[in-house]
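Below: the structure, in structure tokens.
Indexing begins at 1, ligand by ligand and atom by atom, following the structure's order. Predicted, not measured: the structure shown is a model, and the values here were computed from it.
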Amino acid sequence: MNLTQFNQVSAADAQHSIEHCVALPEWAAAVVDARPYASLAALLAQAESLSQTWDGVALAQALTAHPRIGERAGGSGKEAALSRSEQGQVNAADLPLAQALQAGNAAYEQRFSQVFLIRAKGRSGEQILTELQRRLQNDAQQEQHEALQQLRDITLLRLEETFR
Ligand SMILES: NC(=O)NC1=NC(=O)NC1=O
């Protein structure tokens with residue numbers, strides 16, 4: 001779908017076209033409500049602005065749609081396919097890395113009671129592991145702030161790709 005179509009289709013079709021970006025329907029509805037957009041840049045700016053309202057509750061809800069790093073997302077949905085491609089640089093054949101990520105994910109979930117979320121696109125498995133180990137040192141408040149920023153990054157990347 002291109003931006004012109006996005007501006008012109010029904011609200012329901014417009015929402016459906018961006019729901020794979022993040023599992024927060026209220027956010028998608030607000031993005032749709034702000035149509036028409038004069039440019040992709042305007043759409044991305046509005047989407048980013050609307051994501052500033054996200055809090056711990058939104059994060060928890062969104063995390064249900066993000067498989068763990070290093071785990072292949074199951075299912076045939078568009079989100080699962082996106083997760084697989086986003087995590088494409090995590091070399092599942094590198095067993096020590098896979099084991100380190102698995103241990104890191106477990107430690108993270110033990111400490112923060114939620115899945116570790118990172119914008120995986122463009123990051124190697126080693127870079128993700130380094131970030132995971134760094135963020136394990138965060139306190140709860142700092143980590144929620146960082147996890148929300150990663151959720152925004154993933155969401156806006158997916159949104160931009162939808163219209164590219
Ligand atoms: N737990 C995660 O960080 N998952 C993900 N990161 C991405 O960039 N895509 C995902 O599914």
Using a strict 4.0 Å cut-off to heavy atoms of Arg119, name the atoms of ligand 1 that fall inside it.
8 (O)

Below 30° counts as parallel, above 60° as perpendicular, anything between as tilted: where do the rings of Phe163 and Phe6 land?
perpendicular

For ligand 1, the portion of Ile154 having any non-hydrogen atom under 4.0 Å away:
side chain

Under 3.5 Å, is there a donor-acceptor pair between the side chain of Glu131 and the main chain of Ile118?
no

Without swapping roles, check the side chain of Arg123 against the backbone of Gln87 for a donor-acceptor pair under 3.5 Å.
no

Which of the atoms in ligand 1, numbered in the order shown and given with their element, are less than 4.0 Å from a heavy-atom of Ile69?
1 (N), 2 (C), 3 (O)

With a heavy-atom distance limit of 4.0 Å, tell me whether Glu86 approaches ligand 1 through its side chain, its backbone, both, or neither.
side chain

Could you check atom 8 (O) of ligand 1 against the protein and tell me its nearest heavy-atom contact, residue, atom and distance included?
Ala120 N, 2.9 Å

Using a 3.5 Å cut-off and no angle test, enumerate the donor-acceptor pairs between side-chain atoms of residues 104-111 and protein atoms at least two apart in sequence or in another chain.
| residue | atom | partner | partner atom | Å |
| --- | --- | --- | --- | --- |
| Asn105 | ND2 | Ile69 | O | 3.0 |
| Asn105 | ND2 | Leu101 | O | 3.3 |
| Tyr108 | OH | Glu143 | OE2 | 2.6 |
| Glu109 | OE1 | Arg68 | NE | 3.4 |
| Glu109 | OE1 | Arg68 | NH2 | 3.0 |
| Glu109 | OE2 | Arg68 | NE | 2.6 |
| Arg111 | NE | Leu136 | O | 2.8 |
| Arg111 | NE | Asn138 | O | 3.4 |
| Arg111 | NH2 | Asn138 | O | 2.6 |

Heavy-atom pairs closer than 4.0 Å: do any link ligand 1 to the side chain of Gln87, the backbone, both, or neither?
side chain

Per-atom contacts of ligand 1 with Leu117, taking only distances under 4.0 Å to non-hydrogen atoms:
2 (C), 3 (O)

The protein heavy atom nearest to atom 2 (C) of ligand 1 is Pro67 O, 3.4 Å

For atom 11 (O) of ligand 1, grab the closest protein heavy atom and report residue, atom and distance to one decimal in Å.
Ser83 OG, 2.7 Å

Can you confirm whether the side chains of His16 and Glu19 place a donor and an acceptor under 3.5 Å from each other?
yes

Short N/O distance, under 3.5 Å, between Phe116 and ligand 1?
yes

Closest by any non-hydrogen atom to atom 3 (O) of ligand 1: pick that one out of Leu157, Asn105, Ile118, Leu151.
Ile118

Taking Gln61 for its side chain and Ala23 for its backbone only, find out whether a donor-acceptor pair lies under 3.5 Å.
yes

State whether the number of non-hydrogen atoms from other residues, nucleotides or ligands found under 6.0 Å of Gln127 atom CD is greater than 12.
yes

The single option from Lys121, Arg119, Arg158 passing salt bridge (Lys or Arg N to Asp or Glu O under 4.0 Å) against Glu86
Arg158

